[in-house]
Amino acid sequence: MPEFQTSPGMRDILPPESARWRRFVDVFAQTVESAGYGQVMSPLLEDLGVFQRIGDATDVVSKEMYDFVDKGGRHIALRPELTASICRAFVQHRPLAPWKIWYSGSMFRYEKPQRGRYRQFDQVGIEVLGADDPNLDVEVIALGWEFYRALGLQQVKLVLNSLGEPDDRARYVQALQTYFEANLDALSAESRVTLQKNPLRVLDSKREQDAALVAGAPRIAQFYSEKAASHFEAVQAGLTTLGIPFTVEPKLVRGLDYYRHTTFEYQGGTLDSAQNALGGGGRYDGLVESLGGPATAGVGFAMGLDRTLLACDDEGVFPAPSAAVDVFVVDTTGGAEALRITAELRAAGLRADRAYENRSMKSQMKAADRSGAVFAVIVGSNELEAGSVVVRPLRAEPAGPDTASGQVAVPRTDLTSHLTKAMS
Ligand code: AMP
């Protein structure tokens with residue numbers, strides 16, 4: 001074992017997997033930029049207080065933050081999520097509303113690592129600040145849905161709920177508290193602790209002991225105001241218009257405390273139920289205010305890159321792109337010609353690699369095969385004298401007894417145009 005390895009819950013993403021991560025973000029950017037969302041790049045670190053406003057009844061804030069005092073005596077934290085940072089940025093920069101933005105990057109939570117749950121993980125997400133039109137809830141949800149489609153995922157389920165307005169939510173929390181307290185003996189010890197901090201989160205309990213009690217708990221829908229009910233109906237109607245299937249799940253409260261009205265989750269069909277949330281979000285109309293800004297509506301989602309890629313693996317879609325080059329240059333004359341040729345080919349837009357260290361022809365050809373290149377360009381001393389090079393197809397199909405049969409000598413001056421044509 002080497003002396004140093006990545007810390008628990010943290011991973012190196014190596015090629016070719018890293019290229020897949022980059023493409024993931026590219027596809028996401030294409031999807032949301034087509035709807036007018038612009039990217040915000042914010043710092044990895046924020047004042048601890050920014051995240052404390054999310055609500056300290058959540059594990060994310062109370063237990064899982066990487067926080068420390070810096071050399072200037074500031075108490076800061078590595079971001080555990082990005083919505084709070086985006087709201088902080090909104091208050092700081094006062095952009096025109098509605099502000100439609102997207103982001104991507106690493107988040108940090110000190111969690112117990114397991115498949116689909118890491119301490120450093122990546123998210124992509126969108127937020128819309130400054131408008132409370134239910135059509136925006138629909139747009140946001142639909143963009144996430146389209147993105148999963150663009151990846152090729154077929155087994156994602158959309159689960160939807162509404163937590164109502166703050167007053168509705170408060171009355172509901174009170175009713176839950178009364179209900180669970182009347183049944184305290186039946187509740188698991190962990191949920192009893194949760195009940196003290198946030199009765200809503202008891203509904204999140206995955207413990208078998210709590211299942212019956214949770215199933216019999218009061219439902220949020222009984223507490224909706226007229227406005228909350230009509231907002232939720234409009235969201236459902238919009239999704240139906242767009243042909244996006246969903247299930248209403250009254251127990252869906254989501255991990256963070258700032259949600260009101262719409263909450264939703266995209267659940268993967270192939271992952272364990274504790275890790276099956278590929279992404280989720282909702283409306284958080286009070287968060288900007290709690291960060292010192294004006295009353296501002298907000299809606300958005302974050303989705304986990306790591307976990308969504310696990311779902312892609314399980315469904316056999318969105319594979320890592322090929323890392324193969326187009327052309328591999330084999331030069332047995334010392335390597336100076338390979339230096340010129342690869343530079344020329346790369347300048348012409350071809351992906352080109354070469355062998356180094358002046359190895360034997362055999363060893364260079366082996367490297368050419370390993371590179372996955374479509375063509376080898378072979379430079380020998382005879383060719384060099386004659387002002388030509390040999391172009392050999394490496395993936396001749398069907399593979400006959402002599403796979404080199406398609407090889408041709410090409411004048412050195414025609415090489416780039418010859419290969420450009422052959423590759424197209
Ligand atoms: P949240 O910010 O908690 O609403 O999470 C949004 C999404 O981020 C989840 O659905 C996951 O896909 C992903 N996520 C959250 N925590 C982790 C983690 N510890 N490891 C990997 N992915 C995570």
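Whatever order the structure lists ligands and atoms in, that order sets their numbers, starting from 1.
- Using a 4.0 Å cutoff on heavy atoms, Asp306 does not count as a contact of ligand 1.
- For ligand 1, none of its N or O atoms has an N or O atom of Met303 under 3.5 Å away.
- For residues 343-352, the pairs satisfying salt bridge (charged side-chain N to carboxylate O under 4.0 Å, His left out) are Asp326-Arg351, Glu344-Arg412, with sequence neighbours left out.
- Atom numbering of ligand 1 starts at 1 in the shown order; those under 4.0 Å from a heavy atom of Gly116 are 20 (N), 21 (C), 22 (N).
- The proximity of Val60 to ligand 1, defined as any non-hydrogen pair under 4.0 Å, does not occur for either the backbone or the side chain.
- Using a 4.5 Å cut-off on side-chain heavy atoms (C-beta onward), Asp314 and Gln155 make no contact.
- Distances from atom 3 (O) of ligand 1 to the heavy atoms of Gln114, Arg307, Arg109, Glu81 show the closest one on Arg109.
- The local environment of CZ in Arg11 is crowded, with over 12 non-hydrogen atoms from other residues, nucleotides or ligands closer than 6.0 Å.
- With distances taken over non-hydrogen atoms, the option nearest atom 22 (N) of ligand 1 out of Tyr110, Phe108, Phe121 is Phe121.
- For ligand 1, the atoms lying closer than 4.0 Å to a non-hydrogen atom of Glu111 are 16 (N), 17 (C), 18 (C), 19 (N).
- Relative orientation of the Tyr172 and Phe223 rings is tilted, given thresholds of 30° and 60° on the angle between their planes.
- The aromatic rings of Tyr224 and Phe232 lie perpendicular to each other, with more than 60° between the two planes, well past the 30° mark.
- Counted by atom type alone, Asp132 and His261 present zero donor-acceptor pairs between their side chains at under 3.5 Å.
- Atom 11 (C) of ligand 1 has its nearest heavy-atom neighbour, among Ala277, Pro113, Ala302, in Ala277.
- Of the polar atoms of Tyr118, at least one N or O is found under 3.5 Å from an N or O of ligand 1, judged by distance alone.
- Shown here is Lys362, whose NZ atom has no more than 12 heavy atoms of other residues, nucleotides or ligands within 6.0 Å.
- Annotation: Gln123 places an N or O atom under 3.5 Å from an N or O atom of ligand 1; distance criterion only.
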